[in-house]
Protein chains: 2
Amino acid sequence: MGKRHVSLKDLAKELNVSISTVSRALKDHPDISNALRTKIKKLAAERNYSPNPLAMGLLKQATRMIGIIVPDLVSHFYSSIISGIESVAADKGYFVVIANSNERYEKEKESIENLLKARVEGLIVCMSCETSDTAHFRQLVQKGIPLVMFDRVCLPNLIPAVVADNAEASQKIIQHFYDRGYRRIAYVSGPEQMNISQERLLGYRAGLKACSLEPDPALVEFCDLSFESAKAAMKRLLQLANPPDAVYGINDTVAFGLMNAIKEAGLRIPEDTGVVGFTDEFHSTVVSPPLTSITHPTFEMGQKTAELFFKHLNSDVPPETIVLKTQLIERLSSSK
Amino acid sequence: MGKRHVSLKDLAKELNVSISTVSRALKDHPDISNALRTKIKKLAAERNYSPNPLAMGLLKQATRMIGIIVPDLVSHFYSSIISGIESVAADKGYFVVIANSNERYEKEKESIENLLKARVEGLIVCMSCETSDTAHFRQLVQKGIPLVMFDRVCLPNLIPAVVADNAEASQKIIQHFYDRGYRRIAYVSGPEQMNISQERLLGYRAGLKACSLEPDPALVEFCDLSFESAKAAMKRLLQLANPPDAVYGINDTVAFGLMNAIKEAGLRIPEDTGVVGFTDEFHSTVVSPPLTSITHPTFEMGQKTAELFFKHLNSDVPPETIVLKTQLIERLSSSK
DNA sequence: TCAATTCATGCAAAGCTTTGCGGAAAGCTT
DNA sequence: AAGCTTTCCGCAAAGCTTTGCATGAATTGA
């Protein structure tokens, strides 16, 4: 039950030289003679030496860890984005530590605390849908802690961010519905305080206007982003005196909830009700009928977010917001 | 742009006492007088002191990090298990660091290296489907590094593990098909070296026998677990002179691939071909028709795995394998 | 042969925390 | 008043690495 890792000290003792000599030899410092250098390097390789990151962290005040806070770990959207972040971070020799806010404001604040206590070098955050007070983020900026947000963002003048072009995507959806002959188009949004809810609502309205459709407030519903609440929202829409013939859900889970309610009501998709989602490739091909949707380039969004993070970690550039273009993939759920 | 975190030293200097006094006061050591203790605690709270985990790690040789290696970050199965692990780890004050083997043997070995270099205290692993050589795991055990596996496991006498009762689940599926009137039941497995492939195959055969059905080797297909390869496997099955009237896929992605191929062939589910998956709740309700499946209790599996990990981290108990019971949830895809 | 370089290596501090041990001051007893 | 016990606190080491400065030896030039 010996020590698990060899240290410079161990190597030094074995070769009867000082720790600093070993350290220098290993990093090709010119002060060390060739003979000794090769001898030290050989032993280090044999013993499988690797520098202790704790010691390095202490010395350099850098842990090479970056904290991620997501509202939910399980859905494809976030795991895919995390995957994208992780791939870039790994390239730079960074680890990611993931915390889950579970869509709760309190948990989000707590996660920030914990990650800072763990000495992450900075944070990448997607806000919980409950969060409307942004003081905790402003504080991070004030303390000079690197922070980048994605998808659900706030304080764009203070905090670098990566988002989808939400308004434009919404408009494309409305236009698409219109082209397919749908005329009463509903939108099931998330909580009002979320930037994505707002932006997509603006796009929705702009889209209606562009198609010369009369906006009807009754066709805009809100839900808490859960499958069940989306289903309930759809049920309310279907009970309207003049129900929609098409509906657009703010994300994948919501779209599935909508489809479920429509089917349970005995209506056909896309004949009676068209559906479009804001979602990622995989799911949409699995549901039936295949779901027309905006492809959110999730993996890429993760990569871009990580790149932006590293940019701001190393230099003091002003915050920028990267807007990713989306694409509408037409499938069966919206082709009357 | 001062230091980001206050240290004991900072507090000590401010109060003109020694570092050790501050340290002791903060942990209620009896040697410190009441008056001084409260004064120190007050300042610590004000300054938002939290002990530096790097220093602690160095001192205690414990990083409170646990490494997880999964074959894939994006699928619901793994993200849900990770979520379960994380919830238990967080309770114990541990962080999880996640590495993705991408179903590749080489990447798996590399991830082990990297996580050890990062000084995780132990590893939780689900093997890549490529992995058949288990020397790298045996090495970990020899080095005394805590290791627990889940779902796809190996060396059960050496390595503690959490698995589903695969054989029994398979049998239940066959029995279920039989009860619904299906008679030519196919099984689309994963790579042969995987324990889950083997165990479920055994259960499949036992199930056929219990139902007095003749096993037909042509009805067992293998795939690499991807949607596409599952689809290809199903196409091969459908081209048989005597194609199956029911098929069982080794996991969710595979089952979706099967359904896709069946639909493309113009066959109806469940009338022409019954389908059962080995999957998790959410997806199965979203596809059409809803997929009958074995519920893999993923979140719980993650929790149990983490609990087992901590058990073995702290004491030297012999390896045990925890077998989780599964449940067959009947939905439309298998009810002729 | 002595002084002046050059070359190779070691010392020690810093980064932060815990903890055994020793020390000083105060209070008590006789 | 001297000695003893409490009570309270600081020193220093360990855990690991990097790096400026110092030291020692060896080599060169005069």
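In what follows, every chain begins at residue 1, and chains take the letters A, B, ... in the order their sequences are listed.
- With sequence neighbours left out, B:Tyr49 forms a ring-ring contact (aromatic ring centres under 6.0 Å, His included) with no residue at all.
- In this structure, B:His29 has no ring-ring contact (aromatic ring centres under 6.0 Å, His included) partners at least two apart in sequence or on a different chain.
- Close to C:dC16, at under 4.0 Å from its OP1 or OP2, lies no side-chain N or O of B:Tyr49.
- Using a 4.0 Å cut-off between a side-chain N of Lys or Arg and a carboxylate O of Asp or Glu, B:Arg47 and B:Glu14 qualify as a salt bridge.
- DNA chain C is contacted by no residue of residues 112-123 of chain B, taking any non-hydrogen atom closer than 4.0 Å.
- Taking the six-membered ring for Trp and thresholds of 30 and 60 degrees, B:Tyr78 and B:Phe150 have ring planes inclined between 30 and 60 degrees apart.
- With respect to A:Arg152 and A:Glu103, a salt bridge is recorded, a charged nitrogen being found less than 4.0 Å from a carboxylate O.
- An angle of 80°, rounded to 10°, separates the two end axes of the helix from C:dT1-D:dA30 to C:dT30-D:dA1, each defined over five pairs.
- Of the listed nucleotides (C:dT17, D:dT17, D:dG15), D:dG15 has the atom at the smallest distance from the side chain of A:Lys9.
- A:Lys41 and A:Asp28 are joined by a salt bridge, as a carboxylate oxygen and a charged side-chain nitrogen come within less than 4.0 angstrom of each other.
- Taken residue by residue, residues 11-21 of chain B places heavy atoms nearer than 4.0 Å to DNA chain D at B:Val17, B:Ser18, B:Ser20, B:Thr21.
- Of all the residues in residues 22-43 of chain A, A:Ser23, A:Arg24, A:Lys27 reach under 4.0 Å from DNA chain D with at least one non-hydrogen atom.
- With distances taken from any side-chain atom of B:Gln61 to the nucleotides C:dT17, D:dG15, C:dG15, the minimum falls on D:dG15.
- Aromatic ring pairs are classed by plane angle as parallel below 30°, tilted from 30° to 60° and perpendicular above 60°; the pair B:His296 and B:Phe77 is tilted.
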